[in-house]
Enquirer: 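Before I ask anything, here is the structure I am working with.
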There are 2 protein chains.
Amino acid sequence: MFRQDAILDLAFQALADPSRRAMVDRLVQGPATVSELAKPLAMSLPGVMQHLAVLEASGLVISEKVGRTRTCKIDPKVLSQAEHWIAERRALWERRLDRLGQFLDETKDD
Amino acid sequence: MFRQDAILDLAFQALADPSRRAMVDRLVQGPATVSELAKPLAMSLPGVMQHLAVLEASGLVISEKVGRTRTCKIDPKVLSQAEHWIAERRALWERRLDRLGQFLDETKDD
DNA sequence: ATAACACTTAAGTAGATGCTTAAGTGTTCA
DNA sequence: TGAACACTTAAGCATCTACTTAAGTGTTAT
């Protein structure tokens with residue numbers, strides 16, 4: 001549906017804010033309501049709602065309202081994709097260093 | 001020197017832009033000059049310089065000027081820290097699911 | 001010396017972001 | 001029924017971001 005690029009834009013943007021990372025931190029321990037997410041944050045409830053909207057738009061978090069409470073939880077798919085993007089680049093970078101070291105070894109007897 | 005939180009703010013913020021990710025993508029293949037980084041991007045050179053400044057401020061990239069050319073390369077430390085932050089959260093989330101499954105197994109014979 | 005090159009600085013701008021307060025909506029409990 | 005609760009919407013505002021163009025600076029090749 002979405003380009004990988006757009007997914008990563010939203011995911012990294014969502015993770016770039018410490019309040020949102022704190023919310024993710026809380027949610028990896030298990031589902032929580034909006035109020036529970038808000039409690040440790042020095043911020044108004046609408047502020048928290050806006051952060052939640054960013055997390056949901058990125059696909060990192062999903063929520064469902066039952067009665068008057070909204071329960072939020074992690075969806076790990078986008079988290080995986082972000083992790084994978086970084087891991088892949090680190091691997092490429094390391095692979096290049098290995099090749100470079102090998103080349104230097106092979107040519108050191110000049 | 002810097003709080004882990006501040007490092008991650010800058011790292012994820014830096015990775016949230018597709019032009020900057022393209023620059024990282026190029027740099028994992030090996031060092032490049034500013035012009036080389038700029039070539040595939042549909043953007044003025046000062047625009048590229050500003051993206052480079054963001055990447056350097058985050059610690060993802062380091063650069064050095066020799067003569068009139070500036071050569072940029074990846075510094076993998078911050079990339080590792082960002083990857084680690086995500087990996088840790090995913091692990092916590094999965095561990096919780098495991099405990100949950102175990103609990104359900106243990107109590108299914110009611 | 002001089003022209004081309006590879007950035008670099010400065011200044012301006014449209015739109016996004018991260019809050020706020022005030023005023024809702026719908027749900028649940030006494 | 002009515003108060004308390006758990007959000008939700010709307011509007012406003014100060015920054016911050018991602019560009020742009022125009023005008024530099026210092027380096028290198030001719």
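A note on names: the letters A, B, ... follow the listed sequences, proteins ahead of strands, and every chain is numbered from 1. All of these numbers come straight from a predicted model, not from anything done at the bench.
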Enquirer: With the side chain of B:M49 defined as its heavy atoms from C-beta on, choose the nearest nucleotide among D:dC19, D:dA6, C:dT8.
Expert: C:dT8
Enquirer: Rounded to whole Å, please give me the gap between CG in A:L45 and C1' in C:dT20.
Expert: 13 Å
Enquirer: Between the base of D:dC7 and the side chain of A:R68, is one N or O donor paired with an acceptor at under 3.5 angstrom?
Expert: no
Enquirer: So which nucleotide from D:dA18, C:dA10, C:dT20 ends up closest to the side chain of B:P46?
Expert: C:dA10
Enquirer: Below the 4.0 Å mark, does D:dA6 have OP1 or OP2 next to a side-chain nitrogen or oxygen of A:T33?
Expert: no
Enquirer: Without decimals, in angstroms, what is the distance between B:D17 CG and D:dC19 C1'?
Expert: 10 Å
Enquirer: Expressed as a whole number of angstroms, how long is the span from B:M43:CE to D:dT21:C1'?
Expert: 15 Å
Enquirer: Judged by each residue's nearest nucleotide on DNA chain D, which is more toward the 5′ side, B:V54 or A:S35?
Expert: A:S35
Enquirer: Base, sugar-phosphate or nothing for B:G47? Non-hydrogen atoms, less than 4.0 Å.
Expert: base
Enquirer: Picking from D:dT17, D:dT21, D:dC19, which would you name as closest to the side chain of B:Q13?
Expert: D:dT17
Enquirer: I'd like to know if B:Q50 reaches the base of C:dT9 with its side chain, counting only an N/O donor and acceptor under 3.5 Å.
Expert: no
Enquirer: Please state how far atom NZ in A:K65 lies from atom P in D:dA6, giving the value in whole angstrom units.
Expert: 11 Å
Enquirer: Could you check how far CG of A:L37 sits from P of D:dC7, rounded to whole Å?
Expert: 9 Å
Enquirer: How many angstroms lie between atom CG of A:L37 and atom CE of A:M43, to the nearest 0.5 angstrom?
Expert: 11.5 Å
Enquirer: Round to the nearest Å and state the distance from B:L52 atom CG to C:dT9 atom P.
Expert: 12 Å
Enquirer: For the side chain of A:R70 and the base of D:dC7, is some donor closer than 3.5 Å to an acceptor across the two?
Expert: no
Enquirer: Quick one: which of D:dT20, D:dT8, C:dT20 gets closest to the side chain of B:S44?
Expert: D:dT20
Enquirer: Is a side-chain donor or acceptor of A:R20 paired with a backbone partner of A:Q13 at a separation under 3.5 angstrom?
Expert: yes
Enquirer: Could you give the NE2-to-P distance, from A:H51 to D:dC7, as a whole number of Å?
Expert: 16 Å
Enquirer: Should the pair B:E64-B:R70 be classified as a salt bridge under the 4.0 Å nitrogen-to-oxygen rule?
Expert: no
Enquirer: Picking from D:dA6, C:dA6, C:dT20, which would you name as closest to the side chain of A:T69?
Expert: D:dA6
Enquirer: Does any N or O in the side chain of A:E36 come within less than 3.5 Å of the main-chain N or O of A:T33, such that one atom is a donor and the other an acceptor?
Expert: yes
Enquirer: Examine the side chains of A:S63 and A:E56 and answer whether a donor and an acceptor come within less than 3.5 Å of each other.
Expert: yes
Enquirer: Out of C:dG18, C:dT20, C:dC19, which has the shortest distance to the side chain of A:S19?
Expert: C:dC19
Enquirer: Quick check on DNA chain D: between A:V34 and B:V66, whose nearest nucleotide comes earlier from the 5' end?
Expert: A:V34
Enquirer: Report the distance from atom CG of A:L10 to atom P of C:dT17, rounded to the nearest whole Å.
Expert: 9 Å
Enquirer: Is the backbone of A:D5 close enough, under 3.5 Å, to the side chain of B:R21 for a donor and an acceptor to pair up by distance?
Expert: yes
